[in-house]
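Structure, as structure tokens:
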Amino acid sequence: MRDLGAGFGHLLKGQRWVARHGRSYGFGLVPGLITLVLYVGVLVALALWGEDFVAWVTPFADDWSSPWLGLFRGFLTAVLFALALLLAVLTFTAVTLLVGQPFYEALSERVDRDVSPDGTAPESPLPLWRELWISGRDSLRILVRALLWGVLLFALGFIPVVGQTVVPVIGFFVTGFFLTEELASVALQRRGVELRERLALLRSRRMLVWGFGTPLGVSFLVPFVAVFLMPGAVAGATLLARELLGEEIRDGAGEPSEGGAAAPVVSPGPSPEH
């Protein structure tokens with residue numbers, strides 16, 4: 001259970017880091033705002049014409065008597081919108097990271113330098129176009145996995161009681177895992193960690209990942225919140241990536257310790273899953 005608190009702690013530390021670096025935070029809002037406009041447009045269109053779409057795909061129910069026709073299609077419309085909202089949460093991070101790849105790379109590097117005992121950060125030897133290609137390819141592979149989970153959870157949602165209680169909770173944990181993978185990929189890809197290795201690394205510390213990603217996924221459900229939390233989420237995911245790899249973290253990074261002395265160094269190192 002300690003890893004849950006540690007993961008949430010990284011999320012908070014990331015938000016505090018960008019709060020102390022206002023210029024970085026301001027630039028970090030731009031990619032999220034662009035993505036938000038696109039997603040809001042899709043969700044608004046679904047809200048306006050979702051019922052018509054459901055009616056189009058369920059012609060077999062045209063002859064049903066009232067109130068069953070309205071209840072059936074109303075339920076499907078609500079489920080369709082809920083699924084679209086879940087997919088928006090799952091994919092928002094990937095799309096925003098792709099749009100803001102150059103900035104988030106620079107932000108992650110700055111966090112690495114700030115928390116590294118020697119003030120250095122790993123740098124990718126790949127050109128920008130290659131990084132964008134790898135990021136887009138890996139995001140698509142993660143999206144396919146997320147969609148499969150989304151379809152499965154959508155189907156399980158029809159199970160009485162369980163579909164309305166247990167399934168939504170599982171959905172938040174699944175969302176948290178994939179959110180964390182996308183955010184941590186900025187720092188891990190720069191270190192040359194491939195997707196398969198990243199997933200194995202995250203699975204080895206699931207509680208840490210859920211502690212970071214699940215509350216973030218829940219907060220992303222609140223309109224506009226994702227935009228304002230994204231820069232800090234990238235910063236926090238960089239800290240989380242360092243812990244996953246057992247890299248040293250300078251405690252109190254970015255804040256001078258008493259008397260101007262160097263802040264102590266902590267090395268979380270790999271630990272068993274809790």
Side-chain angles (χ1 to χ4, degrees), residues 10-45 84-114 121-124 126-143 146-147 175-191 193 195 198 212-213 215-241:
H10 288 315
L11 179 60
L12 296 180
K13 289 175 183 176
Q15 300 303 324
R16 287 199 295 267
W17 191 93
V18 295
R20 297 196 307 269
H21 300 79
R23 180 173 295 181
S24 295
Y25 178 69
F27 282 113
L29 295 178
V30 176
L33 287 171
I34 295 174
T35 308
L36 178 66
V37 170
L38 296 175
Y39 275 59
V40 167
V42 172
L43 291 174
V44 167
L85 193 60
L86 174 62
L87 292 178
V89 172
L90 289 172
T91 61
F92 182 88
T93 302
V95 175
T96 303
L97 288 175
L98 193 60
V99 172
Q101 177 78 12
F103 168 79
Y104 291 134
E105 283 284 354
L107 172 62
S108 178
E109 282 189 31
R110 187 174 180 186
V111 173
D112 264 324
R113 291 192 181 94
D114 196 35
E123 296 184 6
S124 173
L126 301 176
L128 178 59
W129 71 267
R130 180 64 177 170
E131 290 184 1
L132 289 172
W133 164 256
I134 294 174
S135 178
R137 180 199 64 191
D138 290 349
S139 293
L140 182 60
R141 292 162 68 182
I142 289 296
L143 176 59
L147 286 173
T175 300
F177 183 89
F178 285 121
L179 273 177
T180 304
E181 194 286 327
E182 288 288 349
L183 290 164
S185 68
V186 177
L188 293 174
Q189 182 179 314
R190 185 157 36 86
R191 289 163 166 81
V193 182
L195 177 60
R198 293 203 301 266
F212 180 90
L216 185 64
V218 173
S219 65
F220 274 17
L221 292 176
V222 181
F224 310 114
V225 166
V227 175
F228 298 103
L229 293 184
M230 270 297 293
V234 172
T238 302
L239 299 175
L240 182 140

Heavy-atom check, side chain of [X] versus side chain of [Y], under 4.5 Å:
| X | Y | result |
| --- | --- | --- |
| Glu182 | Val95 | no |
| Val193 | Gln189 | no |
| Phe212 | Leu183 | yes |
| Glu181 | Leu195 | yes |

How would you list, by chain and number, every residue that makes a side-chain hydrogen bond (donor to acceptor under 3.5 Å, both in side chains) with [X], sequence neighbours excluded?
| X | answer |
| --- | --- |
| Ser185 | none |
| Tyr39 | Thr91 |
| Arg113 | Glu109, Glu123 |
| Arg110 | Ser24 |

Listed partners of [X] passing side chain to side chain contact (heavy atoms under 4.5 Å, CB included), at least two apart:
| X | answer |
| --- | --- |
| Ile34 | Val30, Val99 |
| Ala187 | Ser108, Arg190, Arg191, Thr238, Ala241 |
| Val44 | Val40, Leu48 |

| message | Once rounded to the nearest 0.5 Å, what's the spacing between atom OG of Ser219 and atom CG of Leu179? | response |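 Ser219 atom OG to Leu179 atom CG measures 8.5 Å (nearest 0.5 Å).
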| said: Nearest 0.5 angstrom please: Phe103 CZ to Thr96 OG1, how far? | reply: 12.5 Å
Just list the side-chain donor-acceptor pairs under 3.5 Å for residues 224-234, sequence neighbours left out, or say none.
none

